[in-house]
Amino acid sequence: MTAPEAPAEIPDRSASDLTPATPEDAAAVAAPGVHDAEIDRLFGAGGPLGGAVGSYRPRHAQTEMAKAIATAIAGQGTLIAEAGTGTGKTFAYLVPALLWGGKTIVSTGTKTLQDQLFNRDIPTVRKALHAPVSVALLKGRSNYVCHFHLERTLQNGRLTAREDVGYLREISRFVKSTSSGDKAELTKVPETASVWNLVTSTRDTCFGAECQYYQDCFVMKARKEAQQADVVVVNHHLFFADVALKDTGIAELLPSANTVIFDEAHQLPDTATLFFGETISTSQILELCRDVLAEGLSHARDGADWARLVAPVERAARDLRLAFSEDSVRLALNQIAPSSTFFPALDTLKDCMDDMIAVLEKQAERAETIEQCRDRANELLRQLENWGTPEELEKIQAEAAAKAAAKPAEAKRAESGDEQQEPSGQKPFYVLWVEAFQSSLQLHRTPLSIAPIFNKQREGTPRSWIFTSATLAVKKDFNHYAAQMGLWNAPAQSWPSPFNYGEQGILYVPQNLPQPNSFEYTDAVIDAALPIIEAAGGRCFFLCTTLRAVNRAAERLRAEFEARGHAFPLFVQGEAGRTELLDRFRAAGNGVLIGSQSFWEGVDVRGDALSLVIIDKLPFSPPDDPVLAARISEMEKQGLNGFVHHQLPAAIINLKQGAGRLIRDEGDRGVLMICDPRIITKNYGRRIWQSLPPFKRTREQEVVQAFFREQDARRAAAAGEGAGPEQH
């Protein structure tokens with residue numbers, strides 16, 4: 001987790017330096033105010049939104065953001081829009097989208113936010129505006145019950161868990177009464193239940209138009225509704241899975257869309273990287289072998305010795321995993337020793353797959369399921385063929401680099417700190433790396449940059465693209481995000497939160513903590529945190545950068561609370577699902593929740609239940625991450641500094657997300673405790689804390705304890721009063 005030293009001077013370009021990237025963007029900037037008067041009326045004190053939302057109050061930042069989005073929509077341009085917590089960005093983009101956006105796709109960070117938009121926010125705005133727009137919700141196929149696979153599972157009864165018998169019965173009843181088939185509607189069956197895998201389809205196991213249940217198919221019904229709707233709500237995983245696989249229905253939607261809005265847009269680089277890359281695992285190959293054996297024996301018993309056919313493939317897949325002796329290994333291809341058994345094992349696996357495919361080709365006409373197995377095998381072999389020795393990969397990359405070198409290198413960017421010029425060459429580069437788990441090995445092929453791939457998706461029919469989140473900039477500098485997404489010089493604006501952070505909170509950095517890479521660091525953090533947790537009366541999120549730190553913090557705090565007689569309930573990531581932990585934390589009122597990355601964002605706890613957020617370390621990515629190492633290497637070849645232009649801004653944006661958990665409402669008060677001494681001692685520390693909300697700052701424990709004593713007195717005086725109004 002230790003970050004490399006940064007140069008003394010860090011170049012800084014703000015949003016005001018950015019200029020339009022395309023004629024469409026230029027038009028959007030040149031023609032402001034198209035709907036300004038109407039937006040002032042709609043968002044004003046006597047406007048329709050106030051009548052529809054009881055807690056609604058006009059907010060200047062929200063109104064101005066809505067105007068900027070309406071202008072981008074009118075000019076079919078691009079806008080990067082950062083809106084501080086409490087601005088009300090959801091309404092700020094929904095109002096112009098519903099009134100002037102035409103066919104609109106809204107993509108959110110999670111399925112939970114997707115459901116909230118579809119079930120609550122859009123109906124509220126649509127009703128307030130009397131907007132005659134139709135709205136559809138579209139999710140990935142794994143969210144819809146498949147009639148074919150449900151029927152098949154009911155018949156063969158291959159259930160792995162006892163509780164699945166009851167769950168299967170509930171799903172069978174649900175299918176007869178639901179119109180959507182969306183498993184989110186069936187709350188009696190947990191979303192994580194293994195039975196869902198048996199009653200939903202995948203891209204590989206769907207028969208499409210040839211399926212006997214095609215007319216009743218929930219996936220096809222959802223896609224048809226999306227085709228016909230004015231506004232379609234999707235999530236980022238679905239959007240990019242379709243761009244990569246053409247398998248979610250977006251491919252048919254996008255050509256007709258006039259407006260695309262990405263909410264929680266800070267997640268896009270990671271989500272897109274996941275889908276524009278490829279991952280193949282030995283588990284997939286073993287699963288294919290099981291299906292080949294079962295379908296071969298069912299439909300073509302006389303066609304081959306099926307057990308003998310799959311055995312060499314299974315053995316080769318297991319041998320490939322055994323090339324790495326330890327669990328939790330992450331290595332780039334060029335870090336694997338040339339003498340490793342990995343390379344001959346990979347060649348053997350390819351040969352065995354070839355032999356199995358040859359038999360499947362001959363038997364495919366015997367049954368659709370065998371044909372499907374053949375197609376899956378061909379796809380897996382295609383992905384394996386992307387792998388070779390480091391020398392072969394180097395040759396391929398060298399040829400790609402030679403083609404991309406048509407333009408001169410732009411090393412001068414390093415001097416100006418201008419990361420936003422379009423890099424020479426638009427050929428995507430990939431890093432190949434392996435990840436070993438206890439019983440499987442994953443082979444990853446990950447793009448170093450999604451910018452050229454994503455830009456290709458944005459070509460063609462002019463439309464407006466809106467990217468919005470509370471965390472897109474570093475001290476109002478959007479360069480890092482824009483460069484990641486290929487949005488070179490797109491207009492970017494930031495609207496501050498309406499919260500009075502100077503009155504509502506304190507940023508506390510304790511003194512005398514050791515360096516974050518020291519052995520005793522987590523224990524020192526807990527020693528510093530304990531008196532603050534006591535002063536806050538629990539009511540704390542303890543956010544860690546590693547699972548190891550989560551486990552150590554849980555172990556220590558459990559023992560300390562017991563020894564000191566504190567009745568603070570402890571909620572630890574991994575001991576229950578995220579939603580359940582959050583519900584229990586809110587209900588407790590004085591709990592301490594310890595979590596890692598999944599609790600840094602998308603978590604909303606308002607009121608006194610959360611008054612203290614502790615962050616153990618600055619969230620720098622692990623320096624041994626193969627993709628990060630390859631990206632930094634590539635940036636440095638272009639004359640850029642990997643720390644300044646990638647690691648630092650990525651860590652700041654991540655830190656802003658974690659810090660954003662604290663103040664969620666105008667009535668919230670609390671302390672953000674960042675334990676990492678580098679925020680004070682390193683020359684890049686100022687850049688970090690200047691990117692955070694403008695809290696009062698202190699290094700004195702007594703100042704924090706006095707703040708919480710004041711809060712206790714305030715609560716006692718205001719006993720019986722409710723929490724502040726909810727913001728939209």
Side-chain angles (χ1 to χ4, degrees), residues 105-108 110-124 126-127 133-235 237-239 241-242 247-250 252-253 577-580 583:
I105 297 173
V106 181
S107 182
T108 69
T110 63
K111 284 184 284 188
T112 305
L113 285 171
Q114 203 183 344
D115 287 331
Q116 178 183 308
L117 262 175
F118 181 73
N119 294 318
R120 189 186 76 185
D121 296 336
I122 292 177
T124 300
R126 182 171 60 177
K127 183 179 176 184
V133 294
S134 55
V135 186
L137 182 69
L138 186 61
K139 298 182 181 179
R141 62 165 71 247
S142 64
N143 291 277
Y144 302 97
V145 181
C146 169
H147 291 88
F148 173 80
H149 288 287
L150 172 61
E151 188 64 31
R152 192 179 180 198
T153 303
L154 286 167
Q155 287 174 359
N156 65 28
R158 286 191 301 177
L159 299 175
T160 53
R162 182 178 298 175
E163 61 268 24
D164 282 350
V165 176
Y167 291 156
L168 185 61
R169 198 177 300 121
E170 291 291 349
I171 293 168
S172 186
R173 286 197 201 105
F174 170 67
V175 163
K176 292 167 185 166
S177 60
T178 179
S179 61
S180 73
D182 184 348
K183 68 182 185 183
E185 293 179 8
L186 183 56
T187 53
K188 291 181 181 176
V189 180
E191 192 176 349
T192 53
S194 57
V195 71
W196 285 119
N197 295 327
L198 299 173
V199 298
T200 55
S201 70
T202 66
R203 180 167 172 254
D204 293 329
T205 62
C206 173
F207 292 110
E210 296 174 14
C211 179
Q212 59 185 318
Y213 296 102
Y214 185 74
Q215 296 301 321
D216 302 315
C217 177
F218 293 122
V219 172
M220 294 305 140
K221 183 181 177 188
R223 291 183 183 177
K224 189 174 180 183
E225 287 177 358
Q227 287 276 342
Q228 296 167 349
D230 299 309
V231 178
V232 185
V233 184
V234 302
N235 62 62
H237 279 75
L238 183 77
F239 189 94
D242 185 84
D247 180 51
T248 66
I250 305 285
E252 295 86 38
L253 286 177
R578 187 172 92 147
T579 304
E580 184 182 341
D583 287 346

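Only this structure's heavy atoms are used, side chains among them; waters, hydrogens and symmetry mates stay out.
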L186 vs W196, side chain to side chain contact (heavy atoms under 4.5 Å, CB included): CA-CA, chis, key distance, verdict: CA-CA 11 Å; L186 183 56; W196 285 119; 4.0 Å; yes

Close side-chain approach of [X] to [Y], heavy-atom, < 4.5 Å:
| X | Y | answer |
| --- | --- | --- |
| V189 | F174 | no |
| I171 | V145 | yes |
| R141 | R223 | yes |
| Y167 | P190 | yes |
| I122 | V233 | yes |
| Y144 | K183 | no |
| L168 | L150 | yes |
| S172 | L154 | yes |

Going through the checks in order, is the side chain to side chain contact (heavy atoms under 4.5 Å, CB included) test met by E191 and K111? CA-CA 12 Å; E191 192 176 349; K111 284 184 284 188; 3.2 Å; yes

Could you grab the distance from atom [atom1] of [X] to atom [atom2] of [Y], nearest 0.5 Å is fine?
| X | Y | atom1 | atom2 | value |
| --- | --- | --- | --- | --- |
| Q212 | E151 | CD | CD | 8.0 Å |
| H237 | S107 | NE2 | OG | 10.5 Å |
| C146 | F218 | SG | CZ | 10.0 Å |
| C211 | H149 | SG | NE2 | 8.0 Å |

Between the side chain of [X] and the main-chain N/O of [Y], is any donor-acceptor distance below 3.5 Å?
| X | Y | result |
| --- | --- | --- |
| Q114 | L138 | yes |
| T153 | V199 | no |
| N235 | L238 | yes |
| N143 | G140 | yes |
| T205 | S201 | no |

So that I can tick it off, tell me whether K139 and D115 are bridged by a salt bridge, with the cut-off set at under 4.0 angstrom between side-chain N and carboxylate O. yes

T178 and D182: which non-hydrogen atoms are nearest, and at how many Å? OG1-N, 4.5 Å

Grab the two heavy atoms, one from A229 and one from A136, that are nearest each other, plus how far apart they are.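 Here A229 and A136 meet closest at CB-CB, 3.6 Å.
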
Run V234 and I105 through side chain to side chain contact (heavy atoms under 4.5 Å, CB included) and show every step you take. CA-CA 7 Å; V234 302; I105 297 173; 3.9 Å; yes

Taking atom types as modelled and ignoring hydrogens, do the side chains of D164 and S194 form a donor-acceptor contact shorter than 3.5 angstrom?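 Distance-only check passes for D164 and S194.
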
Check whether more than 12 heavy atoms from other residues, nucleotides or ligands sit under 6.0 Å from atom CD of Q228, and answer yes or no. yes

Check the orientation of Y213 and H147. Use parallel for under 30°, tilted for 30 to 60°, and perpendicular for over 60°.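 Geometry flag for H147 against Y213: parallel rings.
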
Can you check side chain to side chain contact (heavy atoms under 4.5 Å, CB included) on K221 and K224, steps first, answer last? CA-CA 5 Å; K221 183 181 177 188; K224 189 174 180 183; 5.7 Å; no

